[in-house]
Amino acid sequence: MLELKLDEVTKKYKDNIAVNHISAAFTHGVYGLLGANGAGKTTLLRLLCDILRPDEGKILCNGRPIDKLGAGYRRYMGYLPQDFGFYPDFTAERFLMYMAALKALPVSEAKRKTQELLAMVGLEENSKKKIKTLSGGMVRRLGIAQAMLNDPEILILDEPTSGLDPKERIRFRNIISAFSRDRIVILSTHIVSDVEYIADEILLMKGGKLLQQGSVENVARQVQGWVWELAADREEAEALNRRYAVSSLKNQGDKTALRIISEDCPAPEAVSVPPTLEDVYLYYFREEADKCC
Ligand SMILES: Nc1ncnc2c1ncn2[C@@H]1O[C@H](COP(=O)(O)OP(=O)(O)OP(=O)(O)O)[C@@H](O)[C@H]1O
């Protein structure tokens, strides 16, 4: 079984520590790298792909440093960068054939894989269209397909679901779940629901550090006893919203239903409820959530 290991890996951009002494291990399954903008996700994924080299620490594949494995390691690897480059005048099909050639696939296999992947990501009807005429979601799906051309043992996807509509997100989840059997899939996102249902493990990153790693249930357990629900009148709801991290707020007649993350009980009528991954995310990233919403 393949094992990828990060051992105290650090990467700096001048004085900015983008990845700060991260240790983690990956065997087969889906790993969801979750963090707000600037958490260091892209840098970590680029390190795992051997595009960047760590300033400190080691990355090992089956016990061997990946920089020593070189091309041998990259053969194992499929990568979808955050902004993947393509030729806008190529058709989807031609682009996949071209990428297959870069990955040194024999022509007959490239043809077979191209058709198989176009069908898998739901682009067969658009295969002869130029990429510049495809929607953002379709281009993203094409990016996912190109990352899978060489049947990689390690698939690394940077924000694969950005630009996908809800239907495309579900299709993506199903593709990844099926693909991840016996392989390592690591994907980054700041959208909790994208990884909540498919990730075997969650890695929560903030400020270059790994805050948590574990199953969805175990990570969610970090805020066990700190998630509360209550119904309040409008004025009280507004006051609670200013004071606490509120993960949901719904109007229900003349009352407002709130879900609050707080180490202390926010109001006598509040009831403790089981935590979700979304609650954990809000607990750790409240400032970021406040900034963006
Ligand atoms: N090439 C670079 N040169 C200098 N600083 C960089 C570079 N790339 C990233 N950074 C900085 O490193 C930190 C981590 O960035 P990174 O892109 O890895 O985070 P991220 O979690 O992927 O964020 P996002 O979701 O916005 O892509 C940020 O402070 C960012 O500004």
Side-chain angles (χ1 to χ4, degrees), residues 29-33 41-42 45-46 48-52 71 73-191 193-195 197-199:
V30 180
Y31 295 81
L33 185 57
K41 305 180 299 293
T42 294
L45 296 185
R46 289 169 68 90
L48 281 167
C49 290
D50 199 28
I51 295 168
L52 289 175
Y73 177 67
R74 282 190 287 277
R75 260 198 300 279
Y76 278 130
M77 172 80 57
Y79 176 47
L80 171 68
Q82 205 164 17
D83 303 301
F84 92 100
F86 55 84
Y87 296 103
D89 283 314
F90 274 24
T91 65
E93 185 179 60
R94 184 160 171 229
F95 174 71
L96 288 184
M97 286 299 289
Y98 169 76
M99 292 303 288
L102 291 184
K103 293 181 190 213
L105 259 66
V107 175
S108 59
E109 199 188 332
K111 282 186 183 161
R112 183 184 62 76
K113 259 336 254 186
T114 293
Q115 296 314 318
E116 181 190 314
L117 287 167
L118 283 168
M120 190 166 91
V121 298
L123 284 176
E124 62 277 63
E125 281 169 24
N126 295 292
S127 66
K128 308 279 187 217
K129 287 192 183 152
K130 288 188 175 176
I131 302 177
K132 66 182 178 192
T133 68
L134 300 179
S135 71
M138 287 178 188
V139 174
R140 208 70 196 139
R141 284 190 264 151
L142 186 63
I144 294 164
Q146 66 75 32
M148 290 174 156
L149 271 168
N150 55 335
D151 237 339
E153 299 276 328
I154 304 169
L155 181 63
I156 296 195
L157 306 169
D158 198 351
E159 304 263 1
T161 54
S162 69
L164 299 189
D165 66 28
K167 211 171 114 205
E168 288 174 321
R169 275 165 199 272
I170 293 166
R171 182 196 273 268
F172 167 77
R173 282 190 218 146
N174 294 339
I175 291 171
I176 293 303
S177 294
F179 185 81
S180 68
R181 265 176 249 128
D182 312 321
R183 301 167 211 244
I184 298 174
V185 180
I186 306 172
L187 61 100
S188 76
T189 183
H190 52 264
I191 300 163
S193 57
D194 281 346
V195 286
Y197 302 109
I198 54 164

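Computed from a predicted model, the values in this text were never measured in an experiment.
When every heavy atom of L80 is checked against every heavy atom of A147, the shortest pair comes out as N-CB, 4.0 Å. The minimum heavy-atom distance linking N150 with G78 is given by the pair OD1-CA, 4.4 Å. Between V185 and L157, the shortest heavy-atom distance links the atoms CG1-CD1, 4.4 Å. Minimum heavy-atom separation, I144 to P160: CD1-O, 3.9 Å. Looking at every heavy atom in both residues, L134 comes nearest to A92 through CD1-CB, 4.4 Å.
To the nearest 0.5 Å, atom CZ of residue R140 and atom OG of residue S135 are 12.5 Å apart. Separating the SG atom in C49 from the CD1 atom in I154 is a distance of 9.0 Å, to the nearest 0.5 Å. Between the CG atom in L123 and the CG atom in L118 there is a gap of 6.0 Å [rounded to 0.5 Å]. In this structure, CD1 in I131 is found 11.5 Å from CG in N126, a value given to the nearest 0.5 Å. The CG atom of L117 lies 12.5 Å from the OG atom of S127; values are rounded to the nearest 0.5 Å. Rounding to the nearest 0.5 Å places CD1 of I156 at 8.0 Å from OH of Y79.
Within the 4.5 Å cutoff, no side-chain heavy atoms of R94 are placed close to those of D89. Contact of the F179 side chain with the P152 side chain is registered, since non-hydrogen atoms from C-beta on lie closer than 4.5 Å. For the pair D50/M77, no side-chain contact is recorded, criterion being any heavy-atom separation below 4.5 Å from C-beta on. Taking the side chain as every heavy atom from C-beta outward, L142 and V121 never approach each other to under 4.5 Å. Between L155 and R183 there is no side-chain heavy-atom pair separated by less than 4.5 Å.
With sequence neighbours left out, the salt bridge (Lys or Arg N to Asp or Glu O under 4.0 Å) criterion links E159 to no other residue. Among residues two or more places apart in sequence or in another chain, the ring pair (Phe, Tyr, Trp, His ring centres under 6.0 Å) test is passed with F86 by F84. Legend: residues meeting side-chain contact (heavy atoms from CB on, under 4.5 Å) with T161, ordered by chain and number and at least two apart, are L164, R169, F172, T189, D194. Applying the side chain to side chain donor-acceptor pair (under 3.5 Å) rule to E124 yields no partners; only residues at least two apart in sequence or on another chain are considered. Here K167 pairs with nothing under the side chain to side chain donor-acceptor pair (under 3.5 Å) rule; sequence neighbours left out. Scanning for side-chain contact (heavy atoms from CB on, under 4.5 Å) contacts around T133 gives K129, K130, with sequence neighbours left out. Every residue meeting the salt bridge (Lys or Arg N to Asp or Glu O under 4.0 Å) condition with E168, not counting sequence neighbours, appears here in chain and number order: R141. Taking D182 as the reference, nothing meets the side-chain contact (heavy atoms from CB on, under 4.5 Å) condition, with sequence neighbours excluded. For Y197, the side-chain contact (heavy atoms from CB on, under 4.5 Å) partners at least two apart in sequence or on another chain are R173.
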Candidate pair Q115 and E93, rule side chain to side chain contact (heavy atoms under 4.5 Å, CB included), full reasoning:
CA-CA 8 Å; Q115 296 314 318; E93 185 179 60; 2.6 Å; yes
Using side chain to side chain contact (heavy atoms under 4.5 Å, CB included), reason through F95 and T114 one step at a time and then give a plain yes or no.
CA-CA 9 Å; F95 174 71; T114 293; over 6 Å; no
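Counting heavy-atom neighbours within 6.0 Å of Y73 OH, excluding the residue itself, gives a total above 12.
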Let me have the donor-acceptor pairs involving side chains of residues 101-112, under 3.5 Å, with sequence neighbours excluded, atom names and distances please.
residue	atom	partner	partner atom	Å
K103	NZ	Q146	O	3.0
R112	NH1	E116	OE1	3.1

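Remark: the backbone N or O of M120 is paired with a side-chain donor or acceptor of R171 at under 3.5 angstrom. Distance alone, capped at 3.5 Å, places no donor-acceptor pair between the S177 side chain and the N174 backbone.
For residues 97-135, the pairs satisfying ring pair (Phe, Tyr, Trp, His ring centres under 6.0 Å) are Y87-Y98, F90-Y98, with sequence neighbours left out. The ring pair (Phe, Tyr, Trp, His ring centres under 6.0 Å) pairs that include a residue from residues 112-170 number zero, where partners must be two or more places apart or lie in different chains.
Put simply, the residue from L45, L187, T42, L48 that forms a side-chain contact (heavy atoms from CB on, under 4.5 Å) with L33 is L45.
Taking the charged nitrogens against the carboxylate oxygens, R46 and D158 have no contact shorter than 4.0 Å, which rules out a salt bridge.
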